[in-house]
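First up is the structure itself, then whatever we jot down about it.
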Amino acid sequence: MRRVALSALLVVAATSVAATEDPKPVFKPTEIKAPFLEQFTDDWSDRWTPSEATKKTPVGGETFSYVGKWEVEEPITPVIEGKKGLVAKTKAAHHAISAPFEKTIDFGDKPLVVQYEVQYQKGGNCGGGYLKLLEDGFQTAGKEFSDKTPWTIMFGPDLTCPGTKIHFIFRHKNPVTGEFEEKHLKQPPRPSIEKLTNLYTLVLHPNNTYDVLFNGESHNLGNLLEDFAPSVNPPKEIDDPDDKKPEDWVDQKKIADPDAKKPEDWDEDAPYEIPDEEAVKPEGWLDDEPEFIPDPDAEKPEEWDDEEDGDWIAPTIRNPKCDEAPGCGEWKRPFKPNPAYKGKWYAPLIDNPAYKGEWAPRKIPNPEFFQDLTPVKSLKPIGGVGIELWTMTEDILFDNIYIGHSVEDAKKLADETFHVKRPLEEAANKVANKVDEEEGEEEVSFKDDPVAFIRGRVFKFVDAAKVDPITAFKTQPETGAGLALAVVTFFGMIGALFGLVGGQQAPVTKSTKKTDAPTPDDKQKTETAPVAPAGGEKADTPVKKRK
């Protein structure tokens, strides 16, 4: 009877899961237009080129390649049907991939808006998630794209082990020397980054103001002329590199008083503490009882050999008599601070009569001085976007990249994508956390009560599946598989019952024999080819060029 009740429970649970499963939203490419908008649809490889470049390390002649593998695939926990993203697949590897724009983007009279999503699907470790907006003329580097490829702006998250920050860096050209210098945001946002999708937005206006947003909320709002280091404009004057401090210059403010003398009663050898002569041994102190005694319950092991192992000594335990008394063993007088202690004598400090002040080199006009009051308009135009990073975290997913001029369109894209995806991920994450918490709670064992054990697992699975069936199956695969098997068995029994009742003739069966010889129906086993090392054979893949 119990078995019948349990089977019915499993069938009802499985039916409940199927009935409560809400359909996922289905991905539909956006109709928003922009100079560059990437949602990694089926034709993504027409635009993106993985790098095959090699380079030398900062020290020595060792070279390495960008062997990190890229895939466009669904997230580990998909919440939107048919939605894929670009995934950096390889742990502890250099990754690089780039795509050109159809037309060059300059920094004229329109704002630049950069927005995209990053998901650290397996949590945070050392790993970047930033984009590089490539300087025009280098966007077709393709297979040779590397960290040496010139870029104009770098923006996005970076897990810096430990810590997290959102980079905003731009390369500015000194009009006097002709050299480029990286300008870093002094106080970059440092939001917490979890396994869920996060949205990063940069808005750069022609009037030099900028805004860095995280998940749609502003975190840094300021001006390029004030918030970056080194500053855009160098100082008018600099220290004279040829000016040296005179040898007789005195910059010590205080000196020991040469006329001071140590008092005659100053005893430098007096100890810091002395025995407390007023202390009295507590009444009931057990002088003859040791603090530790041999464990009376310990027994010599049977395998102990006195000749080979020596005399066996029982382990010691704290003497229980000492716990009942103020103390035991030899009583020693406690210490107290010594009122006569003064320590080492030092002469007091006085103002140095020879002090001339803090020395500083004289100032001279800066030969590299310039003044750029519109640094945004001075930035090099951009012709493509690249992702070039080193990561100890695999499966970093990039998606919904918008690079254009419309703040409103970027917000609309976020409403179509991020603000749909994020709540679904949060719900699935709550289910997973709830399952983890419940699995940590004490439950009835299968041995003590099999029916109660299985019932508890089934109801947990059903509760989780009502929120997200896929997450339920992933977090409780055994229970999900058991329910599926129970459903198949139940309907199989129904079919067999109708067959017995309605059938008048035994069905003719044909005996089959499985042999070791392969047949055309056997599945072919495929093997994945290993990634070629640096300098190995490479496939001749075409470079994506600007149309």
Side-chain angles (χ1 to χ4, degrees), residues 58-59 104-112 114 130-138 146-156 158 160 163 165-190 202-212 219-253 352 354-383 386 388:
V59 291
T104 301
I105 298 177
D106 58 22
F107 299 86
D109 299 325
K110 298 178 181 179
L112 174 72
V114 182
Y130 40 81
L131 300 182
K132 289 182 176 180
L133 303 186
L134 306 181
E135 185 179 316
D136 187 40
F138 296 91
S146 71
D147 64 330
K148 301 300 182 183
T149 304
W151 49 271
T152 299
I153 290 176
M154 191 171 94
F155 172 70
D158 191 13
T160 52
K165 60 183 176 182
I166 301 178
H167 283 299
F168 176 21
I169 310 170
F170 64 92
R171 294 174 71 245
H172 183 266
K173 184 178 180 180
N174 185 317
V176 177
T177 65
E179 296 182 356
F180 284 88
E181 188 174 44
E182 292 183 7
K183 311 295 183 180
H184 293 246
L185 186 60
K186 293 178 184 178
Q187 297 181 341
R190 299 182 182 274
L202 167 67
V203 181
L204 183 59
H205 296 282
N207 64 356
N208 304 322
T209 61
Y210 69 91
D211 194 5
V212 175
H219 277 242
N220 277 66
L221 184 65
N223 193 296
L224 264 61
L225 293 171
E226 301 171 356
D227 302 337
F228 288 77
S231 61
V232 171
N233 295 310
K236 291 184 178 181
E237 293 183 327
I238 60 172
D239 293 339
D240 185 354
D242 298 325
D243 191 16
K244 307 295 182 183
K245 182 171 70 172
E247 293 182 359
D248 61 348
W249 190 276
V250 179
D251 53 9
Q252 185 177 356
K253 289 184 178 182
N352 187 355
Y355 175 68
K356 293 184 178 181
E358 295 292 334
W359 182 87
R362 62 175 173 266
K363 296 291 184 179
I364 61 172
N366 184 0
E368 298 180 0
F369 172 74
F370 66 89
Q371 194 172 37
D372 183 358
L373 300 180
T374 57
V376 171
K377 295 183 179 181
S378 302
L379 296 178
K380 284 286 186 178
I382 53 178
E388 186 274 323

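Just so you know, these numbers come straight off a predicted model, no measurement behind them. Scope of the values below: all heavy atoms of this structure, side chains included, with no hydrogens, waters or symmetry mates.
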Note, [X] side chain near [Y] side chain (heavy atom, < 4.5 Å):
X      : Y      : value
Ile364 : Ile238 : yes
Phe369 : Val176 : no
Leu225 : Pro375 : yes
Glu237 : Pro235 : no
Lys165 : Pro189 : no
Pro230 : Lys183 : yes
Lys377 : Asp109 : yes
Glu388 : Asp147 : yes

Item to check | Test item: Asn220 side-chain N/O and Val212 main-chain N/O as donor-acceptor pair under 3.5 Å | outcome: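 Side chain of Asn220 to backbone of Val212, a donor-acceptor pair under 3.5 Å: no, none is there.
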Checklist entry - Any sub-3.5 Å donor-acceptor pair from Trp249's side-chain atoms to Gly357's backbone N or O? => result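 Yes, because the side chain of Trp249 sits within donor-acceptor range (under 3.5 Å) of the backbone of Gly357.
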Listed partners of [X] passing side-chain hydrogen bond (donor to acceptor under 3.5 Å, both in side chains), at least two apart:
X      : value
Lys380 : none
Lys245 : Asp251
His205 : none

Next on the checklist: Can you see whether His172 engages Asp372 through a side-chain donor-acceptor pair at a distance of less than 3.5 angstrom?
Outcome noted: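 Side-chain D/A pair, His172 to Asp372: present.
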Next on the checklist: Would Phe180 and Lys173 count as a side chain to side chain contact (heavy atoms under 4.5 Å, CB included) here? Give the steps.
Outcome noted: CA-CA 4 Å; Phe180 284 88; Lys173 184 178 180 180; 3.6 Å; yes
Next on the checklist: For a side chain to side chain contact (heavy atoms under 4.5 Å, CB included) check, start with the C-alpha distance between Lys148 and Phe138, then their side-chain angles and the critical distance, and finish with the verdict.
Outcome noted: CA-CA 11 Å; Lys148 301 300 182 183; Phe138 296 91; over 6 Å; no
Next on the checklist: Can you confirm whether or not the ring centre of Phe155 sits under 6.0 Å from the ring centre of Phe170?
Outcome noted: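 No, ring centres 6.0 Å or more apart.
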Checklist entry - Just wondering, more than 12 heavy atoms not from Gln187 lying within 6.0 Å of its CD? => result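 For Gln187, atom CD is not crowded (no more than 12 foreign heavy atoms under 6.0 Å).
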Next on the checklist: Could you check whether atom CG of Asp248 has more than 12 heavy atoms from other residues, nucleotides or ligands sitting under 6.0 Å from it?
Outcome noted: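 Enclosed: over 12 neighbouring heavy atoms sit under 6.0 Å from CG of Asp248.
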Item to check | Candidates Val376, Leu202, Asp106, Leu133 - the one meeting side-chain contact (heavy atoms from CB on, under 4.5 Å) with Leu112 | outcome: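 Exactly one pass, corresponding to Leu133.
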Please find the pair of heavy atoms, one from [X] and one from [Y], that lie closest to each other, and give the distance.
X      : Y      : value
Val232 : Pro234 : O-CD, 3.7 Å
Leu185 : Phe228 : N-CD2, 3.3 Å
Gly108 : Pro206 : O-CB, 3.5 Å

When rounded to the nearest 0.5 angstrom, what distance separates [atom1] in [X] from [atom2] in [Y]?
X      : Y      : atom1 : atom2 : value
Leu379 : Thr374 : CG    : OG1   : 9.5 Å
Glu179 : Arg171 : CD    : CZ    : 11.0 Å
Ile153 : Leu134 : CD1   : CG    : 11.5 Å
Ile169 : Asp158 : CD1   : CG    : 8.5 Å
Ser378 : Asn208 : OG    : CG    : 8.5 Å
Phe107 : Thr152 : CZ    : OG1   : 5.5 Å

Item to check | side-chain hydrogen bond (donor to acceptor under 3.5 Å, both in side chains) contacts in which one or both residues fall within residues 355-365, not counting sequence neighbours | outcome: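 Every side-chain hydrogen bond (donor to acceptor under 3.5 Å, both in side chains) pair that includes a residue of residues 355-365, provided the two are not neighbours, is Asp239-Lys363, Asp240-Arg362, Asp243-Arg362.
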Item to check | Pair listing, side-chain hydrogen bond (donor to acceptor under 3.5 Å, both in side chains) test, anchored in residues 223-233, at least two apart | outcome: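 Listed by first then second residue: Tyr210-Asp227.
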Checklist entry - Can you list the residues that meet the side chain to side chain contact (heavy atoms under 4.5 Å, CB included) rule with Ala229, with sequence neighbours excluded? => result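 Listed in chain order: Lys186.
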